[in-house]
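Data first, discussion second: the structure below is written as structure tokens.
Quick caveat, the model's predicted, so the values are computed rather than measured. These numbers come from the heavy atoms of this one structure, side chains and all, not from hydrogens, waters or symmetry mates. Note that ligands are numbered from 1 as they come in the structure, with each ligand's atoms numbered from 1 the same way.
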Amino acid sequence: MSTFSAPKGTYDLLPPDSATVLAVREALAAPLRRAGYGYVETPGFEHVELFSRGVGESTDIVTKEMYTLTTKGGSQLALRPEGTASVLRAALQANLHRAGGLPVKLWYSGSYYRYERPQAGRYRHFSQVGAEALGTEDPALDAELIILAADAYRSLGLGGVRLLLNSLGDRECRPAYRASLQEFLRGLDLDEETRARIEINPLRVLDDKRQDVQRQLVGAPMMRDHLCEACKEYHERVRELLTAAGVAFTDDERLVRGLDYYTRTTFEFVHDGLGAQSAVGGGGRYDGLSEMIGGPPLPSVGWALGVDRIVLALRAEGVELPLPANTQVFAVPLGEEARSELFALVTELRRSGLAADFAYGGRGVKAAMKAANRSGARFAVVAGERDLAEGVVQLKDLESGDQEPVTRDGIAAELVRRLG
Ligand code: AMP
């Protein structure tokens, strides 16, 4: 133990678990690459205002959970709590929406920071893979993103992910709905903070998890019954396209999500094996966000999937991902002269594309063979001075225990033949 440990709400990713995390990120990204999404990377921090305007002044993320700091130069910055506002900011800054055709399709992978109350599946530093399709209003684009996420979960072998779907309406129909919801909510017996929320973002009250609140919400007006014709048609089309693609979903009229910028299509992927923090991904359409951060109208849709929770979901389902080979060959020298020779062989094997490792530290043969077994290697190459004088090394199969001499000159090719 050192004097220090990782800050509360964070954890270190260490081998062997870290290999699973890399494999998850890769699996989430693969369908995006095949669908024409380009990789984008933005800074880990941004001007605070990007998030307060973009994510919304009334959200928990902005009011309670943002890590903010003032630089020596006096700028107010925040560690990014989510990806969408940054990606849109970067696309607008680089004029990607003017450079080529629309939509601009981007994907990202990175760390996000929220000062939340830590619990299983909820961390202050967590990892997301996200995708955004900017500048196009087309139900097929909403459907594309949802299908890509569903395919990513499936490719990981996860069977327990459910898709919840809703429409939040648009600037035509939401204002009237918002007003009628406010009228309903003002008549309820709610605490002061929730009453304040009614005035700023009443839809969020529907998302309140407390039972006494949920009980009072029975009979609340629902967006579904207030959608304008255009929104209704749009939503119906998204549903048809999902059904045609074999992606099952549940209509969830209470689904509003914690960010202010969503319009029309809203969705969340949940996994029932995770306890309270069941959301493994979510997203939706955000047609007004570009204008909220000073850009032109740019109707867009996107999602973010939570890597940490997907790893937990894999564990809950007992899914073992096929991971890239660790060490395939382990070299064990017997004596000093053999050390240089086998070290050279390890480099040669690596350059031939094999995963090879070496008994470092000049320990005895017993310790070296133990290290070879622990490495998970299929073969050990063992050689002493006498072997080398005869121009051979001993190739030991660590599964069967069989051992045979192979010429020093031919060993690399022989191993590539057996393992490559
Ligand atoms: P959100 O940006 O809140 O929609 O989050 C998208 C996804 O990121 C969620 O569905 C979670 O899987 C994941 N996520 C959000 N917040 C956290 C957190 N504090 N810890 C771990 N995962 C998170």
Side-chain angles (χ1 to χ4, degrees), residues 6-13 21 24-25 27-29 42 46 50-51 54-56 58-67 78-88 107-132 145-146 148-150 152-153 156 158 160-166 168 201 203-204 207 209 252 255-263 265-286 289 300-316:
K8 185 174 170 189
T10 72
Y11 64 97
D12 302 307
L13 264 182
V21 173
V24 166
R25 288 198 188 117
L28 300 182
T42 64
E46 298 271 357
L50 174 68
F51 301 119
V55 180
S58 73
T59 60
D60 284 352
I61 292 178
V62 166
T63 54
K64 298 181 190 156
E65 297 170 2
M66 222 154 40
Y67 282 91
L79 299 186
R80 57 184 182 187
E82 60 101 48
T84 302
S86 308
V87 168
L88 185 55
W107 76 275
Y108 58 87
S109 172
S111 296
Y112 296 84
Y113 307 87
R114 293 181 195 171
Y115 190 76
E116 298 200 77
R117 198 169 44 77
Q119 67 181 89
R122 187 163 68 190
Y123 311 104
R124 291 179 173 176
H125 168 269
F126 57 97
S127 168
Q128 288 183 339
V129 168
E132 316 288 349
L145 275 163
I146 295 173
L148 290 172
Y153 292 123
L156 283 166
L158 282 174
V161 177
R162 291 186 296 120
L163 167 61
L164 309 177
L165 186 67
N166 194 17
L168 293 181
N201 189 346
L203 270 73
R204 292 277 328 284
D207 200 27
K209 301 284 185 284
D252 182 353
L255 182 70
V256 296
R257 302 187 31 79
L259 297 83
D260 272 358
Y261 50 58
Y262 288 110
T263 50
T265 313
T266 312
F267 52 90
E268 196 151 84
F269 291 94
V270 294
H271 192 280
D272 295 324
L274 298 183
Q277 302 304 316
S278 61
V280 289
R285 183 155 274 286
Y286 49 92
L289 179 57
S300 304
V301 56
W303 51 239
L305 312 185
V307 174
D308 311 72
R309 288 187 199 167
I310 292 170
V311 171
L312 294 176
L314 288 168
R315 212 171 287 159

Exam field: side chain [X] to backbone [Y], donor-acceptor pair closer than 3.5 Å:
X	Y	result
Y153	V280	yes
R114	R124	no
W303	L145	yes
Y123	G121	yes
R122	R117	yes

Under 4.0 Å from a heavy atom of [X]: give me the atoms of ligand 1 that qualify, with their elements.
X	value
R122	19 (N), 20 (N)
F126	14 (N), 15 (C), 16 (N), 17 (C), 18 (C), 19 (N), 20 (N), 21 (C), 22 (N), 23 (C)
G121	20 (N), 21 (C), 22 (N)
V280	10 (O), 12 (O)

Does an N or O anywhere in [X] fall below 3.5 Å from an N or O of ligand 1?
X	answer
Q128	yes
A304	no
E116	yes
A279	yes
R114	yes
R124	no

For the OH atom on Y67, are there more than 12 heavy atoms of other groups (residues, nucleotides or ligands in this structure) within a distance under 6.0 Å?
yes
Which of these, G130, P81, G281, S127, has its nearest heavy atom closest to atom 10 (O) of ligand 1?
G281
Using side-chain contact (heavy atoms from CB on, under 4.5 Å) as the criterion, point out the one residue from L88, V87, V301 that pairs with E132.
V87
Once you round to the nearest 0.5 Å, how far does CD of Q277 lie from NE2 of H271?
14.5 Å
Answer side chain, backbone, both or neither: which part of E268 comes under 4.0 Å from ligand 1, heavy atoms only.
neither
